[in-house]
Novice: 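My structure is below; once you've seen it, I'll send some questions.
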2 protein chains.
Amino acid sequence: MKQDTQILYELSRRLKSPYDELFINSAEFGKLLGVSQQSSSRYLTRLESRGLIERKVTGRGQSIRLTERGVEALRKMHTELENFFRTHAEIQVRGRVVKGLGEGAYYIGKYSERLKDALGFEPYQGTLNLDVKGKFSPERAKTIRIEGFKEGNRCFGDITCIPASISHGKSKVDCWIIIPERSHHRDELELIGKFNFRKKLGLRDGDVVEVSFS
Amino acid sequence: MKQDTQILYELSRRLKSPYDELFINSAEFGKLLGVSQQSSSRYLTRLESRGLIERKVTGRGQSIRLTERGVEALRKMHTELENFFRTHAEIQVRGRVVKGLGEGAYYIGKYSERLKDALGFEPYQGTLNLDVKGKFSPERAKTIRIEGFKEGNRCFGDITCIPASISHGKSKVDCWIIIPERSHHRDELELIGKFNFRKKLGLRDGDVVEVSFS
DNA sequence: ATTACTAGTTCCCGAGTAT
DNA sequence: TATACTCGGGAACTAGTAA
């Protein structure tokens, strides 16, 4: 296992810039790495012999700076992490499939016609519930509003729908996040779509899926 | 030495996003790390037990994804590298002190009055030469132009000056980069200032210094 | 196929210490 | 004071192999 980069990284944390230098003794540098003075010294001589750092060793410590090659090694790591974390236009939330209360199917049935009008298709009569541990915040999302209605003496409130997609493994299908007017489950996300997602994506309780929306 | 992060990093290089998953067998993952199938397997079970990754192990390989905690470990590293590499408003060039040709002092003497007019002080009669291996490119720098003149039948060309600062260790002093009209030494930087920099900063040939300018 | 345990080997760590 | 070498003990590696 390459550990050179790990040491270069710990060094970089103590430098203000790639051209800065650190004056330190091998015992103190060892503490930064969680190793002994001897190992620290060994690491530093090794990094120097590999052309990743330059040192001026004195009787009172040593000044350490990265060489061009050392900086390049860190820059490569930085670039790859930058790419990994680059925020996509899409907002992504990861959630875990959980059992719904069975209410979903009932309500989708009641709203069926209105959903068909708004979304352009008649949704599968059931919801997929995801545990997202409060990580969902739809502030900036595009939404579609479905107005509430009364049936007899029962009230059915407004619903907000967010077009999204759900992906699991290599599969990705369109879906809609639905948010009842008075949402009580802040930690759960309710999804509807053309299909039974559990069958379509082969989902079981506890599976982790990713929901993307704009 | 902590190597967990190094392994997480190698994993992240194979993922499209923090929520992506990688299907791979332990032998192949070992190759990515440069270790055996057995070590690779040991690493993965350890990372899992530490809550840094989640796995679904099957008879044909395993799908691996980062946990929230694993993502956080990488994000911390990314943030610190971001800080380390953050481009300052200042442009920084690192150079190595080299012997000049002795011409510097002669020319500074000739331009002395004009430099005093332009820069506001009479410079030390000598230059500090830095080997910058072609890394210096003053495209966007603020410059001060000093016009050339004739003395008898000798021509002294225009000079471009860039206000800058030179730092070495903890010391940092103002200086000017001077660029003769027909600069022949693309790999060298010539600096002037109020002082003898070699004395002021305790410089010797081969020392690395940093020059900053805007 | 895999994963991952056991066992034997390598090599790394750090205490002691020379310089 | 430092750095960094030697060397004994142990951690970590991998070959073999069970599941």
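Reckoned from all heavy atoms, side chains included, excluding hydrogens, waters and symmetry mates. First the proteins, then the strands, lettered A, B, ... as listed; each starts at 1.
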Novice: Using a cut-off of less than 4.0 Å, is there contact between a side-chain N or O of A:S36 and OP1 or OP2 of C:dC13?
Specialist: no
Novice: With heavy atoms under 4.0 Å as the rule, sort A:Y43 into base, sugar-phosphate or nothing.
Specialist: sugar-phosphate
Novice: Got B:I7 and A:M1 here, is their nearest side-chain heavy-atom distance under 4.5 Å?
Specialist: yes
Novice: In whole Å, what is the span from the CD1 atom of A:I7 to the P atom of C:dC12?
Specialist: 12 Å
Novice: Establish, from distance only, whether the side-chain atoms of A:S49 and A:R46 form a donor-acceptor pair under 3.5 Å.
Specialist: no
Novice: Name all residues meeting the ring pair (Phe, Tyr, Trp, His ring centres under 6.0 Å) criterion together with A:Y9; count only those two or more places apart in sequence or in a different chain, and write none if there are none.
Specialist: none
Novice: Between P on C:dC13 and CG on A:L33, what's the gap in Å once rounded to a whole number?
Specialist: 11 Å
Novice: Test: ring-ring contact (aromatic ring centres under 6.0 Å, His included). Region: residues 30-64 of chain B. Which pairs qualify, not counting sequence neighbours?
Specialist: none
Novice: In whole angstrom, give the distance that lies between atom CG of A:L44 and atom P of C:dC13.
Specialist: 13 Å
Novice: Is the side chain of A:R96 donor-acceptor paired with the backbone N or O of A:G206 at a distance under 3.5 Å, no angle test?
Specialist: yes
Novice: Once you round it to whole Å, what is the distance between C1' of C:dC5 and CZ of B:R42?
Specialist: 12 Å
Novice: Hey, is NZ on A:K76 packed in by over 12 heavy atoms from elsewhere, all under 6.0 Å?
Specialist: no
Novice: Charged N to carboxylate O under 4.0 angstrom, B:E72 versus B:R75?
Specialist: yes
Novice: Please write out the pairs of protein N or O atoms and N or O atoms of nucleotides 8-11 of chain C separated by less than 3.5 Å, giving the distance to one decimal.
Specialist:
none

Novice: Can you name the residues that form a ring pair (Phe, Tyr, Trp, His ring centres under 6.0 Å) with B:Y106, not counting sequence neighbours?
Specialist: none
Novice: In whole angstrom, what separates B:R46's CZ from C:dA4's P?
Specialist: 13 Å
Novice: Between A:K31 and A:E28 (salt bridge meaning N to carboxylate O under 4.0 Å), is one present in this structure?
Specialist: yes
Novice: With a 3.5 Å cut-off and no angle check, do the side chains of B:S26 and B:Q37 form a donor-acceptor pair?
Specialist: yes
Novice: Contact boundaries of DNA chain D with chain A (under 4.0 Å, heavy atoms), 5' to 3'?
Specialist: D:dT1 to D:dC5
Novice: Using nucleotides 1-3 of chain C, report all nitrogen or oxygen pairs with the protein that are shorter than 3.5 Å.
Specialist:
{"unit_1": "C:dT2", "atom_1": "O4'", "unit_2": "B:G59", "atom_2": "O", "d": "2.8"}
{"unit_1": "C:dT3", "atom_1": "OP1", "unit_2": "B:S26", "atom_2": "N", "d": "2.9"}
{"unit_1": "C:dT3", "atom_1": "OP1", "unit_2": "B:Q62", "atom_2": "NE2", "d": "2.9"}
{"unit_1": "C:dT3", "atom_1": "OP2", "unit_2": "B:S26", "atom_2": "N", "d": "3.2"}
{"unit_1": "C:dT3", "atom_1": "OP2", "unit_2": "B:S26", "atom_2": "OG", "d": "2.4"}

Novice: So, the side chain of A:T67 versus the backbone of A:L52: is there a donor-acceptor pair under 3.5 Å, distance only?
Specialist: yes
Novice: Output the rounded distance in Å from CD (A:Q38) to C1' (C:dA15).
Specialist: 7 Å
